[in-house]
Amino acid sequence: VVYPEKNFPPYSYQNSSGVPQGLSIDYIELIAKKIGAKVEYLPARSRSQILDDAKQNKKGDIITSLTDTKENEGILYFTDTYVTTPAVIVVRKDLDKGRTLSLNDLTGKKVAIGSQYAAEEFVRTNNPRIVIESVVDDESGLQQVVLGEVDAAIMDITSLSYYLSKQVLNSVKVVGSTGFDYKLAFAVPKEKEILQSILDK
């Protein structure tokens, strides 16, 4: 039983018919085929909703596209990483200062980051004076950047590339790296440790 994310392309997201798809879903389907298992998908939801449910109800067996964090290590086991992608700083194009920005340049600024995304924990730990605006997903963060509601967004470069290719969103640009990489893995509840081993194999 898999928890698919509603809007985390290109890893796990719903198509126009409401069917889960993406790189992580493809991996799960391939693994299921190899071990002769049938995959059942729970309704697609946001990352924070999935993690809340996994902590309380334990309805599902696998969470896709997750980076190991201190917050989650007490309740989940993680497989080996299957994708590594850097988190970048994104701003509006019309704020062109002609220079590269780092997280230190965002001190005191409003920055959108996906709620319970690993980058959120990284920024809170390493740059506590950045004003984090938690958003439901990366798309919401980009919208806030475009509307000028935040100064910047932090998201992984692969998801940004997806949005830039699928939508008319030419008004944002990457201005720097965060020094943080998303290391995506599958996560399973601790009482289902054997499943972690099966997925890794």
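Note that this is a predicted model, so its numbers are computed, not measured. We number each residue from 1, following the sequence as shown.
- Between V123 and I154, the closest side-chain pair of non-hydrogen atoms falls below 4.5 Å.
- The stretch residues 183-193 participates, sequence neighbours left out, in these side-chain hydrogen bond (donor to acceptor under 3.5 Å, both in side chains) pairs: D61-K192.
- Considering T64, I25, V83 as possible partners of Y11, the one that fulfils the side chain to side chain contact (heavy atoms under 4.5 Å, CB included) test is V83.
- Nearest heavy-atom pair, D105 versus S102, reported as atom, atom and distance to 0.1 Å: OD2-N, 2.8 Å.
- At least one side-chain heavy atom of D53 sits less than 4.5 Å from a side-chain heavy atom of K59.
- In this structure, CD1 on I132 lies 4.0 Å from CD1 on I113, to the nearest 0.5 angstrom.
- At least one donor-acceptor pair under 3.5 Å links the side chain of D156 to the backbone N or O of S159.
- Of all non-hydrogen atoms in A112 and V150, the two that sit nearest each other are CB-CG2, 4.1 Å.
- Side-chain contact between F8 and D137 is absent, with no heavy atoms from C-beta onward closer than 4.5 Å.
- The salt bridge (charged side-chain N to carboxylate O under 4.0 Å, His left out) pairs that include a residue from residues 2-22 are E5-R47, where partners are two or more places apart or lie in different chains.
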| Checking side chain to side chain contact (heavy atoms under 4.5 Å, CB included) for the pair V91/D151: CA distance, chi angles, key distance, verdict? | CA-CA 7 Å; V91 300; D151 299 295; over 6 Å; no
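- Between the side chains of D200 and S197, no donor N or O sits under 3.5 Å from an acceptor N or O.
- Applying the ring-ring contact (aromatic ring centres under 6.0 Å, His included) rule to Y77 yields no partners; only residues at least two apart in sequence or on another chain are considered.
- A 4.5 Å side-chain heavy-atom check between T125 and K70 finds every atom pair outside the cut-off.
- Through ILVMFWY side-chain contacts below 4.5 Å, V135 is grouped with nothing and stands alone.
- Here L42 is tied into one hydrophobic group with V1, Y3, I50, L51, I63, L66, I75, L76, F78, each link being a pair of ILVMFWY side chains closer than 4.5 Å.
- Counting Ile, Leu, Val, Met, Phe, Trp and Tyr side chains that sit under 4.5 Å apart, directly or through other members, L30 stands alone, with no cluster partners.
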| field | T67 vs L184, side chain to side chain contact (heavy atoms under 4.5 Å, CB included): CA-CA, chis, key distance, verdict | value | CA-CA 5 Å; T67 298; L184 300 183; 3.6 Å; yes
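- Sorted by first and then second residue, the salt bridge (charged side-chain N to carboxylate O under 4.0 Å, His left out) pairs with a member in residues 110-119 form an empty list; sequence neighbours excluded.
- Using a distance-only test at 3.5 Å, with no hydrogens or angles considered, a donor-acceptor pair links the side chain of S161 to the main chain of I157.
- Side chain of S165 to main chain of Y162: a donor-acceptor pair is present (N/O by atom type, distance under 3.5 Å, no hydrogens or angles).
- When every heavy atom of I89 is checked against every heavy atom of A152, the shortest pair comes out as CG2-CB, 4.1 Å.
- Closest approach of S115 and S134 over heavy atoms only: CB-CB, 4.1 Å.
- Applying the side-chain hydrogen bond (donor to acceptor under 3.5 Å, both in side chains) rule to pairs touching residues 80-90 yields S24-Y82, T85-T158, sequence neighbours excluded.
- When the options V174, L142, V145 are evaluated for a side chain to side chain contact (heavy atoms under 4.5 Å, CB included) with M155, the one that passes is L142.
- With contacts defined as side-chain heavy-atom distances shorter than 4.5 Å, the pair D138/L160 does not qualify.
- Put simply, the side chain of Y163 reaches to within 4.5 Å of the side chain of P9, judged on heavy atoms.
- A side-chain hydrogen bond (donor to acceptor under 3.5 Å, both in side chains) check over residues 27-43, counting only residues at least two apart or in different chains, returns the pairs E29-Y41.
- Here E149 pairs with nothing under the side chain to side chain donor-acceptor pair (under 3.5 Å) rule; sequence neighbours left out.
- Using a 4.5 Å heavy-atom threshold, the side chains of R129 and L106 count as separate.
- Within the structure, salt bridge (charged side-chain N to carboxylate O under 4.0 Å, His left out) contacts touching residues 111-124 (residues at least two apart or in different chains) are E120-R124.
- The line from CG of L199 to CD1 of I62 is 4.5 Å long, rounded to the nearest 0.5 Å.
- One distance of note links CD of Q116 with CD of Q49; it measures 10.0 Å at 0.5 Å rounding.
- Considering only heavy atoms from C-beta on, L164 comes within 4.5 Å of V172 through its side chain.
- Between the T178 side chain and the V88 main chain, no donor and acceptor come within less than 3.5 Å of each other.
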With a cut-off of 3.5 Å and sequence neighbours excluded, list every side-chain donor-acceptor pair involving residues 15-23.
unit_1, atom_1, unit_2, atom_2, d
N15, OD1, S17, N, 2.9
N15, OD1, G18, N, 3.1
N15, OD1, V19, N, 2.9
N15, ND2, Q21, OE1, 3.4
Q21, NE2, Y13, OH, 2.9

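- With N126 contributing its side chain and F122 its backbone, the two residues share a donor-acceptor pair below 3.5 Å.
- Nearest heavy atoms, Y117 versus V136: OH-O, 4.2 Å.
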